[in-house]
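These notes concern the structure reproduced below.
When a residue number appears, it is its place in the shown sequence, counting from 1. Computed from a predicted structure; not experimentally measured.
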Amino acid sequence: MRHILRAEQFDTAQLSELFEGADYFRQNDNSIETKRDTMRRHFGRMMLSMFYEPSTRTRFSFEIAAKKLGMEVIGTENAAEFSSAAKGETIEDTVRVFNEYGIDAISLRTKEEGHADRAASVSNVPILNGGDGKGEHPTQAVLDMYTINSELGKLDNLNVVIGGDLLQGRTARSLAVLLSKYHGNRITFVSTPELQIGKDIKARLDEAGVAHQETAEMYDAFRDADVVYWTRLQLERLKSSGIELSQQELSLKQAQFRIGAAALDVLPEHAIIMHPLPRVDEISTEVDDDPRAKYFRQAGNGLYIRMAMLDRLMNDANPAN
């Protein structure tokens, strides 16, 4: 595991190992002995946080994870404006320069799909893809799978509903890929025709033999769901995707896929509701107190999964530690 670039790179054994690491860090988060051990192993190491798009949970959970492991953190929350990218520098040149500065890892979010791969192609230190445009968000997908496993006790034979803006939703894409690695899962994609999941993901599911279907009927999909994974309408990407919608059309689409009390009435009692956040109004706040709502716990899991990832990458880079 030299870099973390895409969901496809993980096998089930690696995921189980990361889940065990996350469990360890969660259970021992307040242990002085554990903190001393991890800080000893990672003392003097440095993570560079390079985010070319706005982020709250991903950026801060990476940075807090690194600090909890004893690493130093430097970086910027708006590299697109406050780095030489604003002058036209390529991602390759930026990464080559920072490799010369003696850093040990780079957490990276970019606006363009494929930039994480380009960064990794010239980097001597691990690249952790925190989201590359509409492409992938592998660390989010791993924490999503960890959440499902923690809440339901399994990752196979599940009815998973993935809904919202699936055309532009990198989290939905990466999650579908990881679900395809476990036996018996069935996925229902809920969206409008212009916001459906990409053909490449459907082809990947077909290749893996994963049953999947598409619908615009949210309530019908919810009736036998084990997991509901909801996403927001990504307004900031609509124009670049060639989708032109009036304000009235946007409002109608947002209302069509809003989870509220009526949706809870048809959702099975054992099911869980997830969301990568941030949400806008696609999940009503009245849902927050329902025991099936797991999205805040899900966000919290991101810290411990990213601790496990960084710990693994740093140990692989220097086995003597």
Side-chain angles (χ1 to χ4, degrees), residues 1-22 53 55 57-58 61-62 106-110 112-121 126-150 154-156 158 160-187 189 196-212 227 229-231 234 274-277 298-299 301-302 304-306 308-310 312-313 316:
M1 196 184 297
R2 179 169 173 74
H3 305 285
I4 294 178
L5 300 175
R6 61 184 65 85
E8 183 62 48
Q9 75 183 74
F10 295 103
D11 59 34
T12 57
Q14 289 173 319
L15 291 172
S16 293
E17 182 181 338
L18 290 173
F19 295 168
E20 290 175 6
E53 277 190 332
S55 173
R57 280 149 296 278
T58 302
S61 62
F62 265 128
I106 301 174
S107 60
L108 180 70
R109 171 170 290 184
T110 65
E112 300 296 329
E113 185 176 347
H115 272 198
D117 286 332
R118 288 170 53 185
S121 71
I127 300 291
L128 296 98
N129 180 4
D132 62 332
K134 295 182 292 183
E136 284 251 19
H137 201 337
T139 68
Q140 177 72 45
V142 174
L143 76 89
D144 292 338
M145 295 293 280
Y146 175 67
T147 300
I148 295 170
N149 192 57
S150 298
K154 65 176 186 176
L155 290 169
D156 57 0
L158 294 169
V160 181
V161 176
I162 303 178
D165 185 350
L166 306 183
L167 175 67
Q168 305 165 116
R170 57 194 172 203
T171 62
R173 291 170 54 82
S174 292
L175 177 61
V177 170
L178 289 190
L179 286 169
S180 74
K181 296 179 179 290
Y182 293 84
H183 176 74
N185 288 326
R186 296 164 296 282
I187 303 176
F189 296 110
Q196 289 178 351
I197 198 78
K199 292 180 180 179
D200 60 326
I201 297 299
K202 287 183 277 190
R204 172 68 180 83
L205 297 178
D206 289 336
E207 181 183 352
V210 177
H212 60 93
V227 178
Y229 190 91
W230 223 237
T231 65
Q234 298 195 27
M274 300 172 61
H275 192 301
L277 302 178
Q298 174 189 355
N301 287 337
Y304 300 106
I305 280 292
R306 290 175 175 122
M309 288 177 169
L310 278 167
R312 166 69 186 273
L313 288 168
D316 283 356

Any residue meeting ring pair (Phe, Tyr, Trp, His ring centres under 6.0 Å) with Phe10, in chain and number order, not counting sequence neighbours: none
Results of ring pair (Phe, Tyr, Trp, His ring centres under 6.0 Å) for Tyr229 - residues two or more places apart only: none
Separation of [Y] [atom2] from [X] [atom1] (nearest 0.5 Å):
| X | Y | atom1 | atom2 | result |
| --- | --- | --- | --- | --- |
| Ile162 | Ile197 | CD1 | CD1 | 6.5 Å |
| Phe62 | Ile106 | CZ | CD1 | 12.0 Å |
| Leu277 | Thr58 | CG | OG1 | 10.0 Å |
| Thr139 | Ile305 | OG1 | CD1 | 9.5 Å |
| Lys134 | Glu112 | NZ | CD | 9.5 Å |
| Ser180 | Asp206 | OG | CG | 11.0 Å |

Are the side chain of [X] and the backbone of [Y] linked by a donor-acceptor contact shorter than 3.5 Å?
| X | Y | answer |
| --- | --- | --- |
| Asn129 | Ala116 | no |
| Arg6 | Ile4 | no |
| Thr231 | Asp165 | yes |
| Gln298 | Leu143 | no |
| Asn185 | Leu158 | yes |
| His3 | Ile127 | yes |

Just so I know, are the side chains of Val142 and Phe19 near enough to count as touching, which here means a heavy-atom distance under 4.5 Å? yes
Working note: His137 + Arg173, criterion side-chain hydrogen bond (donor to acceptor under 3.5 Å, both in side chains); need CA distance, chi angles, decisive distance, verdict. CA-CA 8 Å; His137 201 337; Arg173 291 170 54 82; over 6 Å; no
Can you list the residues that meet the salt bridge (charged side-chain N to carboxylate O under 4.0 Å, His left out) rule with Asp11, with sequence neighbours excluded? none
Here the pair of heavy atoms bringing Arg306 nearest to Ser61 is NH1-OG, 2.7 Å
Strictly below 4.0 Å, N to O, side chains only: are Arg204 and Asp200 in salt-bridge contact? no
